[in-house]
Amino acid sequence: MTKIANLDEFILEETEDGIFLTVTGDDDQTLKLKVTLDDLEEIVEVIDEVFGLEEDDGVEEESAG
């Protein structure tokens, strides 16, 4: 398993050969992965579990005051 510390950027691209996720660490180490839509959905679910991201339904919360 390859580990990229301190993720610096990621690129998601669709080509004739499929969908690719390229990630680069702040040490310029790059890893390019071929992924499916199911893979991407699972990645988003894991990020949501770890960081507690919420879906934006377009409604801003009103502040009490």
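Heavy-atom basis, side chains included; hydrogens, waters and symmetry copies ignored. As the structure is a prediction and not an experimental result, all values here were calculated from the model.
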**Item:** Steps toward side-chain contact (heavy atoms from CB on, under 4.5 Å) verdict (L40, L12)
**Value:** CA-CA 10 Å; L40 293 174; L12 187 61; 4.0 Å; yes
**Request:** Take D27 and N6 through the side-chain contact (heavy atoms from CB on, under 4.5 Å) test and state the conclusion after the steps.
**Result:** CA-CA 8 Å; D27 60 356; N6 301 320; over 6 Å; no
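The main-chain N or O of E45 is never found under 3.5 Å from a side-chain atom of D48 such that the two would form a donor-acceptor pair.
For E14, there are no salt bridge (charged side-chain N to carboxylate O under 4.0 Å, His left out) partners at least two apart in sequence or on another chain. In this structure, the salt bridge (charged side-chain N to carboxylate O under 4.0 Å, His left out) partners of K32, at least two apart in sequence or on a different chain, are E13.
Of all heavy-atom pairs between V35 and D39, the closest is CA-OD2, 3.4 Å.
Counting heavy atoms from C-beta on, the side chains of L21 and I43 come closer than 4.5 Å.
Taken from OG1 in T22 to CG in L33, the straight-line distance is 7.5 Å, to the nearest 0.5 Å.
Heavy atoms of other residues, nucleotides or ligands lying less than 6.0 angstrom from CZ of F20 number more than 12. Residue Q29 places its CD atom among more than 12 non-hydrogen atoms of other residues, nucleotides or ligands, all under 6.0 Å distant.
Follow the hydrophobic side-chain contacts under 4.5 Å out from I19 and you reach V46 in the same cluster.
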